[in-house]
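Values reported hereafter were calculated over all heavy atoms of this structure, with side chains retained and with hydrogens, waters and symmetry mates removed. Below, read A as the first sequence line, B as the second, and so on, with proteins coming before strands; counting in each chain starts at 1.
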Amino acid sequence: MQPSLPRPRKPWLTLRRREAIACALFIAPAVIGFVLFWVTPLVVSAYISLTDYALAGTPRFVGLENYRRLFDDDLFWQAVRVTLTYALIVVPMWIISSLTLALIMNQKLRGVAAFRTVYYLPAVLSGVATAMLWAWLFNYRSGLLNGLLSSLGLQGPNWLGDKNVALFSIILMSLWTMGWYLPIWLGGLQGIPTELYEAAEMDGANAWQRLFNVTLPMLSPVILYNLVINIIFATQLFTEPMMMTSGGPQFATLSYVLYLYNNAFSYLKMGQATAMAWLLFLFTLMLSALVFKFSPLWVYVESEKRG
Amino acid sequence: MTRQKVTRRDFLKIGAAAGAVTLAGCAAPAAAPQQPTTAPAAPATGAEATTAPAAASAAGEIEYFTYDLGPANQSREEMRDAFQAANPEATVKVTVLPYGEMFQKIAALMAAGQPPDVMYGDFSLVRNALEGQLLDLTSYIKADPVLSDANQFTTNMQDDVQAKYGTSKIVALIMGTWVPILYYNKDLFDAAGAAYPTDDWTWEYAREAAKLLTKDDRSQFGVQLGTTFDNVGWMWWGQQPADFWATPQAFPETSNFNNETGVNVMKVYHDLTHVDKSAPTPDEASGYSNYAGPFGAGKAAMYSGGDWDAGWSFRELPFKWDMALTPKMRKDYRPALNTMVATNTIASASKNPDIAWNFIRFITATEDGQKLVGKGAYETPVLKGVAESDEVLKPDWAPAGYSARVKAASLPGPMFTPYPLNINLWEFPGKFLDPTVDNVRKGEMTPEQAVEFLDKEGQPYFAQQRKDTPPIP
């Protein structure tokens with residue numbers, strides 16, 4: 001019997017393993033960052049929402065007590081009402097106004113680049129600074145708006161001091177930021193193949209028909225994106241009421257996130273504040289999921305197989 | 001030369017160890033707090049005792065958090081400079097932050113175990129006191145010949161702090177006091193031919209004067225009431241007999257608005273704003289974006305506010321103004337009291353408690369420190385010799401009645417807890433009191449309805465707060 005030759009030892013670091021290690025090293029920074037700065041705070045905040053924690057001292061476990069207290073709290077529901085009212089008005093308003101603006105800015109007009117810059121400018125300005133600027137514009141006695149109305153012989157409202165008007169003043173101010181969406185809309189508009197318009201024109205479609213039968217269907221994925229982003233932005237209303245009204249008068253502008261902030265940093269009720277954050281997260285997630293669920297009904301995706 | 005081979009396993013081990021060290025470094029708890037080692041500074045005797053800076057043996061740096069005091073910020077820097085000149089081994093880093101932000105930052109730093117060494121402040125640190133995060137200064141104060149001598153101060157250095165923080169320990173050192181003041185615009189009084197307010201005014205006098213000084217077209221108001229939070233408390237205590245002495249209750253178990261005193265407080269708001277229309281409604285006041293609203297704009301003849309306004313924002317008012325004691329509710333009732341104290345506290349986790357103690361002692365117990373408090377004019381000094389000096393009573397910029405603040409601070413009486421204060425200083429006022437008072441001012445609630453509502457909402461609120469409050473140390 002011939003002695004068998006020793007089989008060459010298979011190297012541990014095979015190509016497959018080398019690739020796996022390289023892959024792990026490349027994604028490690030992102031994964032570590034994600035775990036440290038996203039997952040860990042999420043888990044910790046979920047735990048804190050079940051505790052009584054005032055930053056001072058150690059958290060005391062109270063189960064679902066923070067959630068129960070929130071549901072019994074009139075101001076919590078007031079904050080929900082204010083935020084929903086704001087979102088219901090502002091989201092369609094943002095989408096319609098910014099899309100309209102983008103359609104105009106998408107025309108081959110003289111000086112359009114300058115207009116695009118001007119409309120986008122508010123998006124790069126500090127929210128706090130613009131809120132202060134608007135607070136001055138809205139000032140009941142010395143503001144520019146009431147000054148203009150007064151020169152026309154009209155008595156301007158108390159924009160931020162009247163509980164029936166204050167939220168609508170903030171909604172009005174929100175229009176100012178519509179330029180934020182302009183690049184997204186323009187990107188979408190410019191991605192629509194021109195042959196579709198040419199074909200529609202050859203079929204005798206007028207401008208409205210081209211808008212409703214070509215532009216909007218082709219733009220529907222961008223509309224979906226903007227809708228989801230807008231819902232998230234609208235439910236996070238904070239800077240304007242914080243800077244301009246502190247949630248007043250009589251809580252008329254107490255947004256959900258402002259109340260969350262007050263609970264966290266004015267009343268030092270970290271447990272309730274994180275409970276609010278989780279409720280907001282779940283609400284936004286649910287709303288976004290609904291939007292996505294119904295999106296096949298109105299969003300056109302080119303690769304989609306139908307029938 | 002041989003090369004030592006580093007295997008992959010070694011490499012991984014080294015990497016893991018390095019990572020662990022890095023993470024441990026990030027998460028390392030703050031160094032254990034040091035206990036003060038030096039005996040409390042013991043100045044010699046007599047007048048000299050208070051002029052000598054505290055004996056300092058420690059070297060190192062401390063951080064002093066103070067909120068933005070406008071022009072008085074300068075005095076904080078001067079305190080630092082004077083202290084450092086007397087204690088060359090010590091360094092004080094002064095950090096000035098906006099009011100709300102400072103307490104948020106302290107809360108976050110406390111949670112991280114890295115608080116500033118010394119914190120200027122008010123009631124907002126109560127929770128930290130209850131959690132044992134503020135250094136117990138009791139033995140320091142009791143061992144100090146100046147600080148333990150009640151006769152040297154205009155306020156009770158022990159009772160007032162304990163009442164304020166609700167603890168049996170003394171966790172803060174008082175550096176100054178605040179009192180309510182009635183400010184008035186002399187130009188508007190002169191134009192109306194009205195007599196200036198005096199220290200013995202009652203609210204009925206003020207009410208009549210306000211009517212006279214109000215214009216029908218709403219371009220001028222007779223009186224403006226400052227912060228609800230402060231004013232309700234002042235009016236509450238202004239209804240007590242002259243010999244009344246209360247035991248302040250830092251953590252009450254119930255609210256007690258629905259009584260004659262409470263109704264009378266609400267009536268002041270109701271009568272001035274809704275009945276006489278001599279005070280601006282909340283809507284009208286919101287149109288003035290300057291500090292102190294219509295008064296600051298020269299459109300209100302009187303303003304009931306705190307004496308800190310004089311040193312902070314009123315120095316540059318573009319009209320002639322003066323100060324008097326806040327009106328009493330009735331002739332036989334007590335006048336404005338020594339109402340609030342400004343304090344410095346030391347974090348238990350301070351790495352340099354000796355320097356921190358020497359610094360806050362310098363501010364409170366030495367003439368130099370107290371003169372700087374008087375110069376800043378945000379608080380009134382507490383050291384009698386300084387508080388009653390011309391330097392403090394008659395600064396160049398101040399009107400003749402400026403001494404009213406010292407007069408008020410020196411009146412006998414406790415530092416009051418205006419109404420159920422508690423661990424969440426801003427929650428009850430923000431959620432219930434301010435909106436209710438606004439409703440009274442607008443005529444949407446009667447005084448009786450207001451106090452009934454406050455107790456209906458307040459009683460379960462305070463019961464819950466009491467349950468949530470940690471045991472008092």
Which atom of A/Asn158 lies closest to which atom of B/Asp283, heavy atoms considered: ND2-O, 3.0 Å
Heavy-atom neighbours of B/Lys105 NZ exceed 12 at 6.0 Å: no
Under 4.5 Å from any heavy atom of chain B - which part of A/Phe138: neither
Gap between atom CG of A/Asn263 and atom CD of B/Glu427 - 0.5 Å precision: 6.5 Å
Interchain contact, B/Gln464 with chain A, by part (heavy-atom threshold 4.5 Å): side chain
From A/Ser142 atom OG to B/Tyr288 atom OH, the distance as rounded to the nearest 0.5 Å: 9.5 Å
Top contributor to chain A interface from B/Pro435, B/Ser286, B/Ala111, B/Gly430 [non-hydrogen pairs under 4.5 Å]: B/Pro435
Over 12 non-hydrogen atoms of neighbours within 6.0 angstrom of CG in A/Asp72: yes
For A/Leu55 against B/Ala107, the heavy-atom pair lying closest together: CD1-CB, 3.4 Å
pair B/Lys431-A/Asp73: side-chain heavy atoms closer than 4.5 Å: yes
Rounded distance (nearest 0.5 Å) linking atom CD of B/Glu444 with atom CD of A/Gln250: 6.5 Å
Enclosure of B/Glu452 CD (heavy-atom neighbours >12, cutoff 6.0 Å): no
